[in-house]
J.: 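Before I ask anything, let me first share the structure, which is written out below as C-alpha cells.
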Amino acid sequence: MTVTNGVFVPNMRSVPAGEFISPHKKTNSVGVQAEDTRICVVMVGLPARGKSLIAQKVVRYLHWLSIKAKTFNVGQYRRTATPNPTAEFFDTTNPEGEKLRMAAAESAVNDMCKWFEEGRGLIAILDATNSTKRRRRWIQERCRSENIETLFVESKCDDEDLIMSNILEVKTTSPDYVGQDPEDAVKDFRNRIRNYEKVYQTIDEDEYDLTYVKLINVGKQVIINQIQDYLQSRVVYYLMNLHIKPRSIWLSRHGESKYNLVGKIGGDADISERGEAYARALPGLVAKSVGDNRKLTVWTSTLKRTIQTARFLAFEKLEWKALDELDSGVCDGLTYAEIEEKYPDDFKQRDEDKYNYRYLGGESYRDVVIRLEPIIMELERSENILIVTHQAILRCIYAYFMNVPQEKSPWMEVPLHTLIKLTPKAYSTQEDRLKAEIPAVSTFREKGSSAKHQ
Ligand code: ATP
Ligand code: F6P
C-alpha cells in the first residue's frame, strides 16, 4: 500500500471490511495490521523548542486513532532526585549533574522498554533534549537490542522572540521553578539553554542511518530521512501539519431539523422553524464569539440541514462528505423506539459498546473516526474554522481536541443551538460555550432508553 508523502510501507497491508484479523496480530483502528511494529519516537532539541507539546499532541492523536502510546518524560524522572535544579546542574562540566541526568535517562528508557515488553503499547515517546550524537546512538542501540524501531524528531528553532515567549508561556510555571520569582526563573532558564547550547549537536549527515524528521522553525522547513514504515509515516505526516499560530475552532450542530422534531435518526431533512431561527441567529452568535476582522472558513457536511444552517454566514464555505452524520444503515429514518422494536439485539449491543457497534449496512463511531482523520489533519493545518455538522461527528471531533476516551465520547451531550469554541493552548484546549436562546428538542438518548426526543 502506498501512502501520501512518498513514503513506502513494507510491513503492513490494508484489511478489507469483515476480513478476519488474527488476535495475535497488532491492529489499529485504521484497518491496518502493523505486525510487531514498536516505535520509540525520540525527541531532540534545545529546551523550550516545543518538544513536550509535540509529544503530548502525538499521543493524543494516536489515542484518538486507538493506537496505544505513552510519553516517557526524562525531566519528570530527573525531578525525583533533583526537583529544583539551577542552570549549573545542566552544565556538562558538572560531573554530579551529568551523572544524575544520565541516571534519569536510563530509568526512563528502562521503563519504556518494560512497557513495550508487557505489550502495553505500540508507540513510546522519549521526551528529553537528547542533544548529543552520543546520547542518540546510545538510545538507538538500546532500542535495536530490544527490537524497537526509532524515529528521531528534532525541533530546531532560532526565532529568539518565539523562544522567549515559550519560556514565559510555559517555563516560568514549570515545577522546576515552583515558588520562585518569574523573572529569576526566566534568567535561570536562559542560562540552562546556554549550557545545552555548548554541547548541542543537531542531527546531521554523520547520522545518515537514523530515521528522523527535522522540524525547522515550526515546520517552515521539514527534513525527512529513512522513514521505514506505515506508522512512522503517519506520525511524520501529522507532525508536518502542526502549527502554533493562535486560532480557534468553532463547532456547532445544525439547527433543529424536521427529523429531530419527530425523533427520527439519519436522513436528509430540512431544518425546522426553530432550526431556521438558529440559522438566522448564528451570524450574530459567531460575531460575538469571534470578534471583528477575524478570517474564518465555514465547513459543513453535504446534508441539507447543515448547509441551510450555515447559509447566512458571510464567510467562505466548504462542503465535506466526511462531515456527514454517522450512517445508521438499515435504521436510517427510524426512531429509537422503532429500532428497539425491529432490531432488539442490535439495540442492546449498541448500548453495550456504542463506540464499536456498527449499524447493519452503516457505520460505527470507530468508522467515523477513520473517515474524520483527513478532517483532523486539515484542521491542524488551518487557522480559524467553524464547523457546522452533526451530533456524532461533533462528538468525534470534540473528543480529539479534548482527549475524551472512547467509552465516553459517544455518550457526550452536545445540545442543539449551541456554539462551542475550542482554543488550543500550550498543553491543553480551552473551551467556551455560547447558547442561542432558541429552544430545540434534546436529541440526547441515555443508555437503555428509547424515549422520544424531549
Ligand atoms: P524542555 O526541553 O524544557 O522540556 P520543550 O522543548 O519540551 O522544553 P515545551 O515545554 O514543549 O518545550 O514548550 C512549549 C512551547 O513551545 C509552547 O509555548 C509552544 O507554543 C511552543 N512550541 C510548540 N512547537 C514548537 C516548535 N516546533 N518550535 C518552537 N516552539 C514550539
Ligand atoms: O532542560 C529541559 C529538560 O526537559 C529537563 O527537565 C530534563 O532533565 C532534560 O531536559 C532531559 O534531557 P537530557 O536528556 O538532555 O538530560
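Whatever order the structure lists ligands and atoms in, that order sets their numbers, starting from 1.
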J.: Looking at E373 and R366, is any side-chain nitrogen of the basic one under 4.0 Å from a carboxylate oxygen of the acidic one?
T.: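 Looking at R366 and E373, the cut-off is not met.
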J.: Regarding atom 27 (N) of ligand 1: of the candidates G50, A128, P47, S155, which has the closest heavy atom?
T.: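 The residue whose heavy atom sits nearest atom 27 (N) of ligand 1 is S155.
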J.: For ligand 1, which is the ligand I care about here, please tell me if I54 has any N or O atom under 3.5 Å from one of the ligand's N or O atoms.
T.: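 Min N/O separation from ligand 1 is not below 3.5 Å for I54.
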J.: Would you kindly specify which portion of L162 sits under 4.0 Å from ligand 1, judged on non-hydrogen atoms: side chain, backbone, both or neither?
T.: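 Just the side chain.
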J.: Would you find a donor on one side and an acceptor on the other, under 3.5 Å apart, between the side chain of H417 and the backbone of E256?
T.: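 A pair under 3.5 Å: yes.
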J.: Heavy atom to atom 7 (O) of ligand 1, shortest distance: which of P424, P246, S52 holds it?
T.: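 Selected option, by shortest heavy-atom distance: S52.
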J.: Is the closest heavy atom of L215 to ligand 1 under 4.0 Å?
T.: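 L215: no contact with ligand 1 (<4.0 Å).
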J.: Could you check whether the rings of Y196 and F90 sit parallel, tilted or perpendicular, using 30° and 60° as the cut-offs?
T.: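 If you compare the ring of Y196 with that of F90, the planes turn out tilted.
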J.: Of N217, I244, D158, N166, which has the heavy atom at the shortest distance from atom 17 (C) of ligand 1?
T.: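 Checking each option, the heavy atom nearest atom 17 (C) of ligand 1 is found in N166.
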J.: Is D127 close to ligand 1, meaning an N/O of one under 3.5 Å from an N/O of the other?
T.: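 Such a contact does not occur with ligand 1.
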J.: Tell me the contacting part of V170 for ligand 1: side chain, backbone, both, or neither, using a 4.0 Å heavy-atom threshold, strictly below.
T.: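 It is the side chain that touches ligand 1; the backbone stays farther off.
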J.: Counting only heavy atoms closer than 4.0 Å, does ligand 1 sit against the backbone of Y196, its side chain, both, or neither?
T.: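 Near ligand 1, Y196 shows nothing, with every heavy atom at 4.0 Å or more.
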J.: Cut-off 3.5 Å, side chains only: do R194 and N191 have a donor facing an acceptor?
T.: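 Yes, side-chain donor-acceptor contact under 3.5 Å.
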J.: Could you check whether K171 pairs with D188 (Lys NZ or Arg NE/NH1/NH2 to Asp/Glu carboxylate O, under 4.0 Å)?
T.: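 Between D188 and K171 there is no salt bridge, as every charged N stays at least 4.0 Å from the carboxylate O atoms.
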J.: Thinking salt bridges, do D176 and R78 make one under a 4.0 Å N-O criterion?
T.: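 Yes.
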J.: I would like to know whether Q406 and S66 meet side-chain hydrogen bond (donor to acceptor under 3.5 Å, both in side chains); could you show each step before the answer?
T.: CA-CA 9 Å; Q406 286 169 9; S66 302; 2.6 Å; yes
J.: Using a strict cut-off of 4.0 Å, indicate which atoms of ligand 1 neighbour a heavy atom of F189.
T.: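 The list of qualifying atoms is 3 (O).
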J.: Relative to ligand 1, is Y427 under 4.0 angstrom through side chain, backbone, both or neither, heavy atoms considered?
T.: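 Within the 4.0 Å criterion, Y427 contacts ligand 1 through side-chain atoms alone.
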J.: Does R136 pair with E207 as a salt bridge, N-O distance under 4.0 Å?
T.: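 A salt bridge links R136 with E207.
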J.: Among R49, R192, K171, which one puts a heavy atom closest to atom 1 (P) of ligand 1?
T.: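 Comparing heavy atoms across R49, R192, K171, the nearest one to atom 1 (P) of ligand 1 lies in K171.
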J.: Can you tell which part of E169 has a heavy atom less than 4.0 Å from ligand 1: side chain, backbone, both or neither?
T.: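 The answer is the side chain of E169.
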J.: Between D367 and S364, does any side-chain donor sit less than 3.5 Å from a side-chain acceptor?
T.: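 There is such a pair between these side chains.
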J.: So, 4.0 Å and heavy atoms of G75: is ligand 1 close enough to count as a contact?
T.: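 G75 does not count as a contact of ligand 1 under the 4.0 Å cut-off.
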